[in-house]
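To start, the structure under review is shown below, and the notes come after it.
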Amino acid sequence: MSALKKYLLPGFIFQSIMVGGGYGTGAEIKEFFAVSGLTGGLMGMAVTTFVWCILCALALEFARMYRAYDYGTLMKGLLGKAGILYDICYWIMMLIVLGVVNATAGAMFNELTGMSQWLGVALLNIWAIVLLLRGTEAIENEYSFWSYLLYAVYIIFLVSVFGKFGDQISAELAKHVVGENWLNSGLQYSFYNLVVVPLFLYTARHMKTRNEALICGVISGFVAIIPGVLLLLAMGANMPEVLKAKVPVMVIFRSLDMQWLFYAFELVLFATLVETQTGFIKAVVDRVQPVMKEKYTQNIHVGLIIVLSIIGVCISAFGLIGLIVKGYGTACYGFLVLFAIPMATIGAYKIFSKPADFQIEEKK
């Protein structure tokens with residue numbers, strides 16, 4: 001693996017899994033950041049970036065040192081037997097995410113093509129299942145490819161917006177609006193996405209030294225936030241309308257009147273939905289495999305992937321999303337208590353109480 005890919009890969013995975021729901025529609029960027037004003041939103045994003053950089057760096061170094069390449073091994077090292085509580089939070093979040101991803105993919109496909117939403121759901125699941133069956137290396141290559149493409153689309157998007165509405169964005173920045181909740185919003189958004197951090201632990205197997213792991217973690221925080229920063233700046237072109245819109249990105253695209261860019265954006269967004277589903281299911285596969293050891297056969301591997309995919313379809317089909325989303329906030333705070341705080345305390349102590357070249361011996 002090239003050095004560039006090694007350093008960027010964790011961030012690509014973090015960003016790709018998060019983008020579908022977080023940046024795709026712009027709704028979360030509006031609710032957590034734009035409501036504090038353009039300046040206040042950027043300040044909130046700086047807080048989010050700081051938290052992500054710290055936690056990603058600690059998680060990757062802990063994973064490297066203790067060969068904790070799945071969240072089960074990681075949580076056992078942090079919480080011992082209490083690590084089972086993390087499993088509960090993770091499964092709650094996974095069920096919500098799989099349901100939302102399938103529902104979103106179906107709605108997107110129907111809106112863009114006019115065909116049945118179930119074709120979109122089928123495309124999402126077939127794509128994700130094939131990717132999961134091809135293995136870790138194929139998944140890493142897919143994340144890298146779509147991340148590069150995502151950045152290209154976002155950059156073209158921002159250049160187009162600035163080219164047409166640069167004066168409005170500059171004027172919005174010049175107002176220096178800073179809402180009173182910018183700090184809390186920045187912290188909440190960082191905690192909101194903590195579930196994604198353990199999903200790229202397997203990339204730590206590429207890291208040989210503490211410096212590599214820590215640098216990769218810091219880069220991950222920046223890679224994940226940059227698309228959000230670009231989108232927030234673009235919202236500054238028409239902040240009053242953005243704040244009233246349910247789908248903020250549509251306000252911007254209608255103003256741009258660039259249909260081809262909209263379709264490119266939607267294609268990349270659909271791919272990130274696939275990557276989100278792939279990431280959550282892969283984390284379960286990585287969790288189950290070391291527990292079952294030699295009992296984990298190819299048939300079990302295929303069956304687990306298919307069953308989890310079907311669960312996601314069923315949740316979206318029977319309209320359970322609205323019910324389980326009520327537990328979303330609780331699950332998010334669960335990740336704060338069960339992951340962020342232990343990693344920042346117990347994890348940091350275990351990391352820095354050992355020499356930089358420490359790594360447990362791999363079990364034969």
Side-chain angles (χ1 to χ4, degrees), residues 8-24 28-29 32 45 47-60 62-63 68-72 74-75 78 86-87 89-101 104 128 136 139-140 142-144 146-147 150 186-204 216-228 269 271-287 308 312 328-329 331-344 347:
L8 293 178
L9 184 60
F12 282 165
I13 296 173
F14 187 1
Q15 167 233 91
S16 295
I17 295 174
M18 186 180 62
V19 159
Y23 300 158
E28 288 186 359
I29 299 300
F32 283 90
M45 284 187 167
V47 173
T48 297
T49 305
F50 176 78
V51 174
W52 284 351
C53 287
I54 296 299
L55 289 175
C56 288
L58 291 174
L60 286 173
F62 193 94
Y69 304 141
D70 65 277
Y71 75 81
L74 183 84
M75 298 314 299
L78 282 178
Y86 183 90
D87 274 287
C89 277
Y90 179 82
W91 275 83
I92 292 173
M93 184 66 78
M94 183 185 68
L95 290 174
I96 296 170
V97 170
L98 293 184
V100 170
V101 162
T104 303
T136 298
I139 292 172
E140 291 177 345
E142 188 93 354
Y143 279 128
S144 298
W146 285 106
S147 291
L150 174 74
L187 290 172
Q188 287 173 2
Y189 193 72
S190 64
F191 299 151
Y192 186 81
N193 288 284
L194 289 178
V195 64
V196 179
V197 176
L199 303 190
F200 56 71
L201 294 175
Y202 61 90
T203 64
C216 284
V218 171
I219 291 175
S220 297
F222 284 101
V223 168
I225 200 67
I226 287 174
L269 176 56
T272 63
L273 292 174
V274 174
E275 291 173 342
T276 299
Q277 175 147 325
T278 301
F280 274 86
I281 293 178
K282 177 171 171 51
V284 173
V285 171
D286 290 344
R287 171 75 171 96
L308 290 175
Y328 197 51
C332 288
Y333 283 109
F335 291 116
L336 168 63
V337 173
L338 296 172
F339 173 73
I341 294 176
M343 181 57 71

Point to revise | Criterion side-chain contact (heavy atoms from CB on, under 4.5 Å) against Ile17, the qualifying member of Leu273, Asn193, Val195, Val196 | key: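 Per the side-chain contact (heavy atoms from CB on, under 4.5 Å) rule, the option paired with Ile17 is Val196, out of Leu273, Asn193, Val195, Val196.
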Would you say the side chain of [Y] lies within less than 4.5 Å of the side chain of [X], judging by non-hydrogen atoms?
X	Y	result
Phe200	Tyr143	no
Lys282	Thr136	yes
Tyr202	Ile139	yes
Trp91	Val284	yes
Pro10	Leu60	yes
Val223	Phe14	no

So, taking the atom named [atom1] in [X] and the one named [atom2] in [Y], what distance separates them when rounded to the nearest 0.5 Å?
X	Y	atom1	atom2	result
Leu187	Thr48	CG	OG1	7.0 Å
Ile225	Tyr189	CD1	OH	6.5 Å
Leu201	Arg287	CG	CZ	12.0 Å
Phe222	Thr49	CZ	OG1	6.0 Å
Met45	Ser190	CE	OG	12.0 Å
Met343	Phe62	CE	CZ	6.0 Å

Practice item. Using distance alone, with no hydrogens and no angle criterion, decide if Asp87 and Tyr71 have a side-chain donor and acceptor under 3.5 Å apart. Key: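 Result is yes, a qualifying pair exists.
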Check your understanding: How close do Gly186 and Val47 get, heavy atom to heavy atom, and via which atoms?
Key ->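 The pair with the smallest heavy-atom distance is C-CG1, 4.1 Å.
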Exercise for review: Looking only at non-hydrogen atoms, find the nearest pair between Ala224 and Gln15 and report the distance.
Suggested key: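 In this case the closest contact between Ala224 and Gln15 is CA-CB, 3.9 Å.
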Review point. Under 6.0 Å between ring centres, would you say that holds for Phe335 and Tyr90?
Key: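 Judged by ring-centre distance (under 6.0 Å), Phe335 and Tyr90 do not meet the cut-off.
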Exercise for review: Could you please spell out the steps behind the side-chain contact (heavy atoms from CB on, under 4.5 Å) verdict for Leu74 and Phe339?
Suggested key: CA-CA 10 Å; Leu74 183 84; Phe339 173 73; 3.9 Å; yes
Please output the side-chain donor-acceptor pairs of residues 94-101 that fall under 3.5 Å, not counting sequence neighbours, one pair per line with the distance.
none

**Study point:** Audit row: Thr203, Cys216, side-chain contact (heavy atoms from CB on, under 4.5 Å) steps and yes/no
**Key:** CA-CA 10 Å; Thr203 64; Cys216 284; over 6 Å; no
Point to revise | Sequence-distant partners of Ser144, side-chain contact (heavy atoms from CB on, under 4.5 Å), two or more places apart | key: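 Once residues adjacent in sequence are excluded, the partners of Ser144 under the side-chain contact (heavy atoms from CB on, under 4.5 Å) criterion are Lys5, Leu9, Phe12, Tyr148.
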Check your understanding: Okay, side chain of Ser16, backbone of Ile13: is any donor-acceptor separation there less than 3.5 Å?
Key ->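 Judged by distance alone, no pair lies under 3.5 Å.
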